[in-house]
Amino acid sequence: MCRRIQCRFLIVVLIPFSFYAQNTSALRDSINRYSYADFLQMKKTLGIEQENRPGPSGNPNDPNSANFDESQVHEYSLPSLLTTQSGMEVNSVADWENHRRPELIAAFESEMYGAVPDDIPSISWTIKSEKDTVIGGIPIREQHLIGTVDNSRYPKLRVAIEALLGIPKKSNDKAVPVVIQFGFLNSPFGKVEEPRSFFISPFEPGFKQQLAHQGWAYAVLDVSSIQADYGAGLDAGIIGLVNQGQSRTPKQWGALRAWGWGASKLVDYFDTRTDLDSKRVAVEGTSRYGKAALVAMAFDKRISLGFIGSSGAGGASLLRRNFGEMLENLASPAEYHWFAGNFLKYAGIKTVNDLPVDAHQLIALCAPRPVFISAGSAKIEGQWVDAKGMFDAAVEAAPVYELYGLRGPGTTDFPFMGTALTSGELAFRQHGGGHSTGPNWSTWIAWARRYWD
Ligand code: GCU
């Protein structure tokens with residue numbers, strides 16, 4: 001009897017699960033197939049016939065494993081930060097702002113992240129629903145925001161940016177700072193409530209709670225509502241809408257830039273509200289969302305602070321350093337959609353050394369605005385993200401901050417794990433947890449208070 005019930009229970013549970021699993025894997029297969037077709041199409045447009053070089057494996061036991069040994073890092077030479085293309089030495093903020101910064105912006109746009117098109121249709125923001133809630137004992141007003149992009153030019157596609165905004169209710173009518181988290185509210189594979197890393201201790205207060213205690217607001221930006229996270233989606237989302245469903249040209253934006261653009265649109269909207277202080281907006285994200293947060297901040301001068309988590313290659317870590325993830329991984333069918341099509345060249349007909357830019361310059365584009373670069377423990381997170389490559393990039397970016405009379409990490413020695421280098425405008429800390437910003441929130445907040453109090 002008991003057995004029969006168990007058996008029925010298993011049938012009820014397993015049959016729908018196996019349908020779900022089959023459908024999910026069929027969906028994955030078709031996404032991979034269409035992504036690959038788009039990848040090949042872009043290579044064709046670029047006239048690249050040869051196979052791209054494959055990236056190394058992230059598994060240290062694989063024969064083609066990435067380098068995880070500091071003694072095997074080759075010498076590399078970075079593209080200059082403070083010499084313009086015409087050979088002019090940059091010695092002042094004015095030279096940086098008027099000459100070198102615009103040149104670097106143009107190079108990042110053309111060769112790496114792509115440019116935001118001029119003719120993006122307007123967005124209208126509405127509050128879809130709102131509710132009162134309590135987080136860590138603090139009353140919060142949560143609003144589900146929708147930013148609907150005008151699609152009258154191409155009604156076949158609809159783009160509605162989603163974000164969850166939470167504002168502490170005890171703000172005494174003063175406009176409060178807000179931290180935009182690049183994340184997700186929905187996933188194509190089911191509803192996800194709030195991403196929570198496996199690596200954060202259950203005793204670590206969540207970021208919403210920590211921000212609420214400061215009286216600061218949070219806004220979780222659902223990146224997939226802006227642009228899907230795969231190549232097969234490039235003919236839809238905001239990229240596809242602007243291109244009216246056609247494929248990208250090689251200089252057009254990739255997903256990282258599109259996600260960053262979405263954050264900028266949220267800042268536009270915050271600017272229209274009296275309860276939020278659009279002069280005190282930070283961006284935060286981990287991994288691919290950490291890359292997106294850094295890209296957003298580099299291109300949008302209104303973003304006041306950054307919290308860039310484990311962003312690795314394509315984010316804060318130096319691409320020319322052969323450690324962990326390499327450019328060839330980024331320019332593969334699984335990740336190329338984060339970038340402009342032109343970026344594919346550097347894993348085929350060219351190499352990383354031909355790329356006119358590297359991560360230190362991306363960080364420097366944020367100057368004078370403070371950036372906190374975060375990583376986890378090598379033992380728990382692994383070394384794919386190359387924490388030292390991110391630290392070295394911050395060190396290399398410091399001269400631009402110094403032009404403004406500000407400070408970089410304050411040392412060129414890679415700090416012992418857990419050390420908070422927070423005395424300057426380029427902060428760095430490797431926490432003891434995994435692939436998350438989680439255990440660094442309190443350090444970030446203490447540092448951010450210097451600027452937001
Ligand atoms: C992969 C990818 C990384 C990325 C990470 C993530 O590991 O290679 O570049 O940061 O996924 O976003 O989780």
Side-chain angles (χ1 to χ4, degrees), residues 28 31-32 35 39 52-60 62 64-68 112-113 181-184 187-189 192 195-200 220-224 226-231 233 254-260 283-296 306-340 343-344 346-347 352 355 358-359 362-363 373-378 380-390 393 430 433-438 440:
R28 278 263 174 246
I31 286 175
N32 290 345
S35 297
F39 170 86
N52 274 12
R53 294 181 299 279
S57 157
N59 181 347
D62 284 349
N64 64 336
S65 151
N67 176 38
F68 296 118
M112 194 158 173
Y113 298 109
Q181 173 171 82
F182 285 76
F184 42 90
S187 121
F189 306 112
V192 175
R196 191 153 169 93
S197 166
F198 299 114
F199 305 110
I200 305 175
V220 182
L221 176 62
D222 181 7
V223 296
S224 65
I226 304 165
Q227 186 62 44
D229 192 4
Y230 37 79
L256 293 174
R257 195 75 206 278
W259 295 340
V283 283
E284 181 268 353
T286 296
S287 211
R288 66 198 65 191
Y289 302 151
K291 305 184 210 295
L294 183 56
V295 168
F307 185 11
I308 312 302
S310 299
S311 60
S317 96
L318 292 171
L319 285 170
R320 280 165 173 78
R321 216 180 97 88
N322 62 310
F323 194 101
E325 183 168 23
M326 303 296 289
L327 179 145
E328 283 76 6
N329 300 95
L330 299 174
S332 73
E335 299 179 5
Y336 78 101
H337 61 279
W338 293 338
F339 304 94
F343 190 62
L344 285 180
Y346 298 94
V352 69
L355 188 69
D358 211 322
L362 184 67
I363 297 170
I373 293 171
S374 165
S377 143
I380 300 181
E381 176 171 49
Q383 301 201 78
W384 189 236
V385 302
D386 187 13
K388 183 168 187 307
M390 297 194 270
Q430 202 180 0
H435 197 49
S436 159
T437 50
N440 259 345

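Counting starts at 1 for both ligands and their atoms, in listed order. Counting begins at 1 with the first residue of the sequence.
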Is there a side-chain contact between [X] and [Y] in this structure, where contact means two heavy atoms from C-beta onward sitting under 4.5 Å apart?
X	Y	result
I363	I373	yes
R288	W259	yes
N329	P56	yes
L344	F39	yes

Quiz item: Can you list, by chain and residue number, every protein residue with a non-hydrogen atom closer than 4.0 Å to ligand 1?
Solution: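 For ligand 1, the contacting residues are S287, R288, K291, E325, E335, W338, W384, H435.
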Quiz item: Among pairs that include at least one residue of residues 310-321, which meet side-chain hydrogen bond (donor to acceptor under 3.5 Å, both in side chains), considering only residues two or more places apart or in two chains?
Solution: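 Residue pairs with at least one partner in residues 310-321: E70-R321, S310-E381, R320-D358, R321-D386.
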Practice problem: Please work out which of the three classes, parallel, tilted or perpendicular, describes the rings of F323 and F68, given edges at 30° and 60°. | Solution: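 The rings of F68 and F323 stand perpendicular, inter-plane angle above 60°.
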